[in-house]
Structure formats: C-alpha cells, structure tokens
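The block underneath contains the structure these notes are about, expressed in structure tokens.
Numbered from 1 within each chain, the chains take letters A, B, ... in sequence-line order. Only this structure's heavy atoms are used, side chains among them; waters, hydrogens and symmetry mates stay out.
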Number of protein chains: 2
Amino acid sequence: MSSTMRDVARLAGVSVKTVSNVVNHFPHVSPTTRTKVLTAIDQLGYQMNHAARSLSLGRTGMLALAVPELRLPYFSELSDEVIAAAQDRGYTVLIEQTGGVRERELEVLASERRRMTDGLIFSPVALRAGDAPLLEVSFPMVLLGERSLHSRVPHVAMANVAGARAATEHLLATGRRRIALIGSFDAEGVGAGSLRTQGFLDALAAAGLEHDPARTGSGVEWNRATGAAAMRQVLSRGVEIDAVLALNDVLALGAMRELFEHGLSVPQDVAVVGFDDIEESRFSRPSLTTVEPGRPQIARTAVEMLVERLTAGESAAQGPGQEVVAEFRLEVRESTALPTPAR
Amino acid sequence: MSSTMRDVARLAGVSVKTVSNVVNHFPHVSPTTRTKVLTAIDQLGYQMNHAARSLSLGRTGMLALAVPELRLPYFSELSDEVIAAAQDRGYTVLIEQTGGVRERELEVLASERRRMTDGLIFSPVALRAGDAPLLEVSFPMVLLGERSLHSRVPHVAMANVAGARAATEHLLATGRRRIALIGSFDAEGVGAGSLRTQGFLDALAAAGLEHDPARTGSGVEWNRATGAAAMRQVLSRGVEIDAVLALNDVLALGAMRELFEHGLSVPQDVAVVGFDDIEESRFSRPSLTTVEPGRPQIARTAVEMLVERLTAGESAAQGPGQEVVAEFRLEVRESTALPTPAR
DNA sequence: TTGTATGCGTTATCAT
DNA sequence: ATGATAACGCATACAA
C-alpha cells in the first residue's frame, strides 16, 4: 500500500540518499533532480515512515505533557497552549493524565510512553517532599510547580504565595475580615495548595488578623463539587463569613453555587476570589475575581526550556536547575465589588 | 546510556529472540530462562525502544483524536473519555486541534501525524457536503458526527435532531412560546448546528408555531463570548422572548450571562436550554437544563470501532460504513423551572 | 552533486 | 524451548 523511499528513488531514477536529501531539504541538490524526485513523490503519494525515521534519528519529535486531569479547565487551557507552543517548535504533544494521584504521577516517570517521547513537561500535584529524589530522572524534563519539591530539575513556577497574598489583600482592602478558605491539600504535600494557603495566611498576619480554622472548608480534590461541599461544610458550622478565598477557580465557582443555595448573595453578603483565571470565570454570575497566574507564559516557557535541552545536545545536559517564575495579575471582577454605599 | 535487547541478552546469556519472547509474554519460555532474563532487564534498567518496535511491527500503538479546540469543555471531557477508553485497549492517544477551521480539518487528513498513528477519530465541524469525497481516505478512521457528510466511513453520531427537538418540546411544555435560537452555523455546513436547528424548527412546526428570524442570534464560533454576543443581538432588536434554545452549553452560559446583564432573570423571565451537558452546567447559576448526548458512550464506541478495524486485519478493511447513534437524555434543571404559580 | 553500504533496535522466519 | 539471521524504512559516513 504505502510506498517507501526506495519506490520513490526507483521511479525518479535516483538513489535513496537523494530522495532523503530532497525530503529533508538538504541544501545541495540540483533543481532538476529535485523536481524529478518531487514529482515521483507526488505520483506515488509517498509519505515518510515516522517509525523508521525515529529509529534512525534516535528522537521521536514528540513531547509528553503530564497533567492531573484534562477536563479541569485550567489544564485543558494549559494543554492547548502547550500544544500550540510545541507546534511552533516542530514538536507534537502527547498528553498523559495522572488523575492527581501520587502513584500514577510516579508511574509517569517510568511509563512506557517515556520511550515514545523526547522529553516531558510534568505538572505533579500529589508528590511529597520525600519524592524529590525520584525526580532525578535521566531524560529531559521540565517541571511545572515551585522549587520546594525539586532541586536540580528545571522548572516553571507560578507565584502561588504572592498571588494568594495579593488576592487576600484585595479582600481586606474592601473591608472583608471574616474570610473563609475553600479547598485544602495533603498535609505532606508541597504543591500549589500549601503555597496559596501560605500566601493567604501571610496576608492575614500582615493585617494583624488570625484565621479561624472553622472557616476552612476542606476538599483535596479541586473541582466544582468539592468546592460546593467545602462551602457547605463551613456554612453548616454557623460561623460568620464575609468573604471566600478559594484555592482555585472551579472551587470558587462551586462555592458560589453553594452560597446561592443558602440565600447568600455575592458580592453583597460574601465576596469571592479564585485562582487560575479560567475562561469560565469571566462569564460566571457574578464574574469571578481571580489571580491570573501567567499561564500562557508558563506554557511557552516550559516548551522553550525543554526544547532547548533537547537541541543543546550533550553540552548543557545538566544545567543548574533553571527556574522561571511567571508574573501574576489580579483580575478584579464582580465577585468582589464593593457593596453599594447607598444601602 | 539506554540499553538494548542485545545488552540484556548478553548479560542473561541468551539470545535476543529469547529476550523478545520474555518481554512480549510469549508462552513458551522456561521459567528459569525467564527469571534470568528478567533479572538482567531489571539490572540494566532496560526499556523497549518504541520506534524500533513500531518499525518492525508496522503499527505504532497510537490513535489520533482530532477535535476543534481542547479548551472547549465538551471536547476536553470527550478527550478525557477517549484517552481512558483507548488506554483500556492498550492504545495511546494523540490529540490534534483543528480550531474548527475547514482548512485545518482537511490538513488533519494529510498530516504528517497520520504516519505516527494507527488510526484517527475525527470530529469535523467545518467541512461541507462537497468535502465528502475527501473523507475517502486509505487509513482507518472513525468519524464523530452524523451521516450527512460521509457515506462509507464508519461514524458515531449523536441525536442532534431528536435532542434539540426534545429540548424545544420541553420549553413548549412549560408554556414558552417565544423562543430565541442562540448560535448559528455555516449555511453550507452539515454539522451539529444545522441538525440541532432542524430539531428546533421541527418541534415548533409540530406545535403549529413558526420561528421569528429576529429571535435568532448568530454566532458561528461556539463559546461563551459569542453566546453573550448573540443574546445581545436578539435583545437589541426589541423582540419579545420567553425562552432560549442555545445550540450548545457554552453558548447557553454566555447567553444567560447576557440576560443577567439586561436585568432578566432565568427561569422567571426567560427559560434557557443548552446542549452537551458539560460539567459546568450542573453548577452554573442557575443550573442549566441541557441535552446529555451520550458522550461517554460516543467516546467508548468510537474507540471500539476503530480498534476493531485495526485488529480485524485485511478482512473487514472496508465495512459497510457502520453507524451508531448514541442515546440522548434531557437533563431538566433550574434554568427551565416552571415560574412559581403563586405570583 | 549523487550513490553505496551500514546501523538503528525490534520482530519474524526458519532452523535446531 | 531457544538461536541465527533476515527484514522493517530511513539517515549518514564515506566514496565516487
């Protein structure tokens, strides 16, 4: 069915090498032979065998991207951006889902799919501090996340602490004092959850306030359902609140939904802030104030760093563990609007 | 760096073929040699070279999934389900984005990535009726969409007409008569847009009603922003409406947002129905009545049909163009609740 | 500028 | 049950 270079060579009356030269845009080929080859290619409908090329070249032209769940808006939007950035560099992206489960995150590092890709962009969320040694892998990898977990692995971080702090300060600036914290994290974890919580507590402390644990709604999985459940948990305790800081946007959206069920209005009764700036947050009712963590920059930078390692050859095989922290921006929207003074 | 089967064979004192037998779980290997080989593999940290295996086998173990945009919730949720179904069958999924642009949809069929995958699950949205011949490709493919476009290509369809009709009938049953249609489609297209619109018009006709074109809000791209814009368009015309049928959920969510901006309440003033049943629709405010098109079944069936073609060998290479239509279900939620009688 | 020969790592065919 | 050896299709020294 499918033809090979040999077939093309035969038809064009040249050698296989010449066909290869034409296909790979080798500069030194006479125009006449080039057209001869190209017409033969066209005539046979020849397409390169990727497996053979990979075997010979020792590289596949594919990058892996490991994320918790593709259906979480943050990660689907990130994936979109990574795919686009990789495409610009001539790479194809293979997405793997870890489910946010530690075991599966570790599996990703040893997966059979590692042999199908030239490098990995890895966004772990369930790894513990003790897992750091396991990240000392032999293949090119770029981590998405903060340094805490890993030492020598290059990574692209978001300003989790500073972003959450800015978000909290914004709530404080609008006069809110009884802020609920929605979403929790593995106590042994070192992911975004603990860092954002840190930023939250920092802002409170700086304002001379303390966080009442009764205002924390737990939920390790970060989706709308757990956001709603966590909010319900806090409300059921009968503790007063005038604001909510959710550890990410979907948690915030779930929490808003729950506030609504309880007859509380946002932002009049309760102000709400999220983290991630997913597209949905611009269209929710009310629209959600959130931290834009610089996701496009993160995607682009991660791909660039990885491709650089790939093309650098043996030279910079073990760099100094480069770190880039993306710039964040607080997107103020309706969910934290000041209560109308004339009331 | 990475070791080969030869290295393993040498260390274990056996032949390459034996190592291959062990790795591929070939039944006839003596327990002693198996353990010898396995320890050698373990000791060397051997991992199979996927490119070499693909070259030899003539198959890659990868399936391609081409969707418009990964960041559209419907497609990210679909992708998740396709990946899971493929994994169960031992396949890896490569996602391609077409942007919903006809040219890029056609490119997918000739893409270099076709040579990296064993088959394609293709969800076209911008192809025209005249493009049907271009879908007569030589590689295994399963289409997501209705038959209109393609004759001999196997495909998995959703009940676009019936679903939209049921949704519209639901609106009519709750006493709504002035229904706006949000979202439009390429007039030459044969995709979900025209079919859902057909179902909408069918239901109206069956009820002896006619659709006022002034109640159609156009928007070829289906996202929140266009949903809001289309709604704005209708409202600006000053035509009365008491309900909205949006061609999908994100359009509906954008439209609801716009209704809110105009001081209209859902469902009291205007009832709203979407199509797709994305997770967000269960948590929006109000929660969105929508058509659940059987997406999980679609994902599973598409993978099964494709894998079947792949493993059937030459035998059923050209089947009769199998068609499966998934079962839909109308999810009634708050956005179409009956106005409280006591008003 | 173009052709020849060899290797990439695995599977498959045939022996034994 | 296991081993030797030839494909698989392409890239690349090296030669011409």
Quick one: which protein N/O atoms are closer than 3.5 Å to N/O atoms of nucleotides 10-13 of chain D? Pair and distance per line, please.
residue : atom : partner : partner atom : Å
D/dC10  : OP1  : A/Tyr46 : OH           : 2.4
D/dC10  : OP1  : A/Asn49 : N            : 3.2
D/dC10  : OP2  : A/Met5  : N            : 2.7
D/dC10  : O2   : A/Ser56 : OG           : 3.3
D/dA11  : OP1  : A/Asn24 : ND2          : 3.4
D/dA11  : OP1  : A/Arg53 : NE           : 3.0
D/dA11  : OP1  : A/Arg53 : NH2          : 3.3
D/dA11  : OP2  : A/Ser20 : OG           : 3.0
D/dA11  : OP2  : A/Asn24 : ND2          : 3.4
D/dA11  : O4'  : A/Ser56 : OG           : 2.7

Mind listing the side-chain donor-acceptor pairs of residues 65-77 of chain A below 3.5 Å, one per line with the distance, residues two or more places apart or on another chain?
residue : atom : partner  : partner atom : Å
A/Arg71 : NH1  : B/Asp80  : OD2          : 3.4
A/Ser76 : OG   : A/Pro73  : O            : 3.2
A/Glu77 : OE1  : A/Arg295 : NH1          : 2.9
A/Glu77 : OE1  : A/Arg295 : NH2          : 3.1
A/Glu77 : OE2  : A/Glu279 : N            : 3.1

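Between B/Arg59 atom CZ and D/dC8 atom P the separation is 18 Å, expressed in whole Å. Regarding A/His28, its NE2 atom lies at a distance of 16 Å from the P atom of C/dG3, rounded to whole Å. The separation between A/Phe26 atom CZ and C/dT1 atom C1' is 9 Å, rounded to whole Å.
Under 4.0 angstrom from either OP1 or OP2 of D/dA1 there lies no side-chain N or O belonging to B/Thr18. A sub-4.0 Å separation between OP1 or OP2 of C/dT10 and a side-chain N or O of B/Ser54 is absent.
Among all heavy-atom pairs drawn from B/Ile298 and B/Ala326, the shortest one is CG1-CB, 3.6 Å.
Both A/Ala51 and B/Val14 lie close to DNA chain D; mapped to their nearest nucleotides by heavy-atom distance, the more 5′-ward contact belongs to B/Val14.
Around CD of A/Glu221, the count of heavy atoms belonging to other residues, nucleotides or ligands within 6.0 Å does not exceed 12.
With a 4.5 Å cut-off on side-chain heavy atoms, B/Ile121 and B/Met141 do not count as touching.
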For this session: Report the C-alpha separation of A/Arg113 and B/Thr92 in whole Å, then their side-chain angles, then the decisive distance to 0.1 Å, and conclude whether the side-chain hydrogen bond (donor to acceptor under 3.5 Å, both in side chains) test is met.
Result: CA-CA 8 Å; A/Arg113 292 193 182 80; B/Thr92 294; 2.8 Å; yes
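A salt bridge is defined here as a Lys NZ or Arg NE, NH1 or NH2 lying under 4.0 Å from an Asp or Glu carboxylate O, and B/Asp131 with B/Arg128 fails to meet this definition.
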